[in-house]
Structure formats: C-alpha cells, structure tokens
Number of protein chains: 2
Amino acid sequence: MREALTAAASRRVTRPAPLRQAVYDALTELIVNGSLKPGQHLVEAELAEHLGVSRQPVREALQRLQTAGWVDLRPAQGAFVHSPTAEEAAQLLGVRAVLETYSAQLAAQNAKPEDIARLDELQLEGIAALADGDVERLVSANTALHDFITAVADNAVLAELIAQVGQKVRWYYTPIAKPRGKEAWNEHTQLIRAIAKGDAHQAGEVMRKHTERTTEFYRKQIAARANQN
Amino acid sequence: MREALTAAASRRVTRPAPLRQAVYDALTELIVNGSLKPGQHLVEAELAEHLGVSRQPVREALQRLQTAGWVDLRPAQGAFVHSPTAEEAAQLLGVRAVLETYSAQLAAQNAKPEDIARLDELQLEGIAALADGDVERLVSANTALHDFITAVADNAVLAELIAQVGQKVRWYYTPIAKPRGKEAWNEHTQLIRAIAKGDAHQAGEVMRKHTERTTEFYRKQIAARANQN
DNA sequence: GGGCAGGGTTGTGTATACAGAAGTCTGTAT
DNA sequence: ATACAGACTTCTGTATACACAACCCTGCCC
C-alpha cells in the first residue's frame, strides 16, 4: 500500500503533458520523416480526427510549427508544410557553419577531462558504424557527437539555435544526400584533439573547415543530381 | 466610380490580418516596452478582455510567444513572461556577435554601390543623433544600420535569427545600459569602408571587435550597477 | 465555345461552454 | 495557536458551435 502510494506520487510529478505538446511532436515527426510532404495542405479537422483530439490542440500546435518554420500559415487558407527552396537550404548550411564554429570554440574553453573521454567514445562509435556500413547508425553517431560538443559549450541560447537549424538541415539533406565518410571522422579526430588542448581558435578553425567541406559535399551531390535530370 | 473600385481592389489585396497576429504583435510590444514585467502571470481572460477579443486568439498568440521565447507556458498554470537570467543575457550577446560577424562578411561580398550610399546615409544619421544627444534616435539609428547590413547580406535564415536575438538583447539591455557613443560610430565607419572594399574578412573582423566591445561595455555597466547595490 | 456570374461546399476564424486541475481560504481539531 | 482537511474559487485545457471567407462547380449569357 505504502509502496503503491509512493509510486503513484512519483508518477504524479510528471506533467499532465498537454495534448498540444503531443500533437506538436507528432506533426514534427510526420514532417521530418516525410509522411507529410512539402506544400501539402494540412486540414485541421483531418489531423484532429487522425490524432483523436479536437481541432483546438491541433491549431495551437500549428501556431508553434509556424514560428519554428515547419509550416506556413496562410490566412483564411490554413496550414501548408513548408517548402524549402534550394537557396534557403544553402543559407541554412552557412548559418549552421558559423554556429557550430562558435560551439566548438566554447567547447574547447569549457571541456573537462570526462568530457574528452565521452567525445572519444562517441568518436569510436562513429568509426564502428563506418566500418559496418550502417548509414543510419552513422548519421545518428554524427548527430550525437555534434550535440555533445554543443552541450559542452554550455550556452543554452546557442544550443537552441543549433537544434533548430540542424533539424531543418537534416530534413532537407538526408533524403537527397548520403553522409560523408572516413574523411569526416578524421576531421572529428582533429577537432577532439583541439578541444582537449583547450585551443579555442584551432577548434573553431577545424570545425569551420569541417562544416565547409560538408557544405561542399552536399552541394556537389545536388549539382550532380540536377545534371542527371 | 472606376477609381473607387480600383482603390477598393488594391485594398482587397491586403490580408484580412487574423486577430492572432494582431494579438501577437500587441503582446510582444507590451513585453518589450516593459508594460508586462518578467515573471508576471498572464491571465488569458484578462488579456482577451483588454484587447477586446475572445480567449481563442489570445491562446494562439501565447503559443507563438512561447516558441519565440518571450513567455514560458507552464502546464495547467498558464503563461508567464520570461525572466531572462544574467547568464542567458550574456549568452545572447555571444551568439549575436557571431551572427553579426557572419552578416558583415556576407554584406561585404554582396554590397552594390547604392547599398554603400545608403550605409553612408545611415551613418550620417547616427552621427547627427549623437551630436543632438538624442538617445532614442541614436538607438534607432544603430538598429537601422545593423538591420540594413543584414538586408544586404541577403540571407533570410540569418536575418530571422538576428532579429530574434537582437530584439531579446534590446529588451534585456536597453533598460539597464546606456548606448555606446562616438567610439561605436567610428567603428561603423571602418565597417562600412571594409564592406565598400568588398573585403569580407576585414568586415567580419571589424564587426567582431565592434560587437565584442559592445558586450564589454554592457558587462561593465552591469558590474558597476551590481557593486552599487 | 468561352467567359462570367451565381450558388454550393469546404475549411478556417472566432466565440462560447464545460470539465478538471491548481491554488486559496476557512473551519475545525489537536 | 497551529496545522491539517475540506470546500471553494479561479484559471487552464478541451470540446463544440457558428459565422464568414475562399474555392469549386454548374449553368447561363455573350
């Protein structure tokens, strides 16, 4: 009895989790994984029925999705999944590069020995995924490494922006470009070394070149695909 | 008659402007100008009555304000005006610095002769405001100059982030710090010169130092104020 | 045959109603 | 006097209802 109450109480701490949040997460997932395609008209009533809620939470979620840039809300016409232009995608990469560079600099200033150890682990995971040829695992290892560097940078404002931009970049480029391979992970090694030394300038430079090469790598694939059509 | 119809048609093009947008703008303004103080509880019904609308548009506006970081939405408790910590404010300045630096670099690459002419005009306006000792005019001249550089940079994603961060910075620092004076506008002169030359690297460096000095300028005033209490 | 006007349909924009959770106040018992 | 329990108030969370705007399709007129 006592234990049951304790368990109930600890559960009680968890937020009631408003429906709008669940709806927001669900819709973001549907957009990122491609179930909802760019330009598609999102009808509130359909979404509401499909998710088993009323229109109200759906509308609130759509407002947030608009501010986050995932949908465009045309007055009196409703919500449409955002269609990123090639230009916008290129701009995203440029912005991400400067944010990640700053992130690396801060990480180099703040990194503690245990952080370095964790970075090494993540690096090894990436190398292993590379050896296995497991693309999905490789992408998630890459994300984990960059995310951890951002965490070490310890700047919540920066982390927020990187998350925003990064998710959009992955949304746009993952379906049309394969990830970089061995070269990228060699650059990661240099990056971790610079962070371990606490050399902010060098860490920033390595990250800047790293993101620039990734940008160029994507650009070439897009160009090749364009010529092919 | 014909003219009347034409006028009506041209007006017709303007969107019906949903209430949620008007509410969003109104609330943002109230927060930025300090009518709504950090930590204050925003009761939906009160806002709705005050603005002469129902709760629905107010709720939608609050969702967007949360995503933009102006309010915190606690489940089952409602909206509270965000209280920025000193740490968060410092982080904002750091992020703004790297974004503005990138903006200056892009502007230097893209600037056309007419852009330079416009920059010179804005610079003169700032100098004039400085001579008059008109603080409000000085602040708006500074904002106008930086905004125009961002416009010349021609990167919508970047512009969006700078606008987000910049507005927050002004919100936090304008009430507690006076603007920089002559020195800042001398730095603007150097910046415009670098942009006119099309020297992206130099423009970036000048902007970086400029924003770093502004950061330091604010930091000192905060520290002085802290000692004083 | 093409274009335009009108009605009908669909879907958004706004308002209102109701259920439930959180906080507050009061009354009572120790 | 204090602490706790309970009802009460207030406000949010969700659902439903209705008005209006945009779009579409049909039929008529030129």
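So that the names make sense, note that chain A is the first sequence line, chain B the second, and so on, each numbered from 1.
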Residue B:S54, side-chain heavy atoms: nucleotide from D:dC11, D:dG13, C:dT14 that is nearest: C:dT14

Counting any heavy atom closer than 4.0 Å, what does A:L62 reach on the DNA or RNA strands: base, sugar-phosphate only, or nothing? nothing

Any idea how B:W171 and B:W70 line up, ring-wise: parallel (<30°), tilted (30 to 60°), or perpendicular (>60°)? perpendicular

Nearest to the A:A76 side chain among C:dG11, D:dA21, D:dA15, which nucleotide is it? D:dA21

For C:dT12 and A:R59 - does any side-chain N or O of the residue sit under 4.0 Å from the phosphate oxygens OP1/OP2? no

Take atom CZ of A:F80 and atom C1' of C:dG11, then tell me their distance rounded to the nearest Å. 10 Å

Tell me whether the side-chain N/O atoms of B:H41 come closer than 4.0 Å to OP1 or OP2 in D:dT12. yes

Criterion side-chain contact (heavy atoms from CB on, under 4.5 Å) against B:F217, the qualifying member of B:R219, B:R213, B:Q221: B:Q221

Give the rounded distance in Å between these two atoms: CD of B:Q66 and C1' of D:dT12. 14 Å

If you pin A:Q56 and A:A79 to their nearest nucleotides in DNA chain C, which one's is more 5'? A:A79

Mutual orientation of the aromatic rings belonging to A:Y173 and A:Y218 [parallel < 30°, tilted 30-60°, perpendicular > 60°]: parallel

Over how many whole Å does the gap from B:Q21 atom CD to C:dG13 atom C1' extend? 14 Å

note: B:R74, atom CZ; D:dG13, atom C1'; distance rounded to Å ~ 17 Å

Around atom CD of A:E114, are there more than 12 heavy atoms of other residues, nucleotides or ligands at under 6.0 Å? yes

Give the rounded distance in Å between these two atoms: CZ of B:R20 and P of C:dT14. 7 Å

So, does A:R55 get its side chain near the phosphate of C:dT12, meaning an N or O under 4.0 Å from OP1 or OP2? no

Which part of the nucleic acid, if any, lies within contact of B:L73, taking any heavy atom under 4.0 Å across all strands shown: a base, the sugar-phosphate backbone alone, or nothing? nothing

Residue matched to D:dC29 through Watson-Crick or wobble contacts both under 3.5 angstrom: C:dG2

Are A:Q77 and D:dA21 close enough that a side-chain N or O sits under 4.0 Å from OP1 or OP2? no

Would you please name every residue forming a side-chain contact (heavy atoms from CB on, under 4.5 Å) with A:E125, sequence neighbours left out? A:R137, A:A141

Separation of A:L19 atom CG from D:dT16 atom P, in whole Å? 13 Å

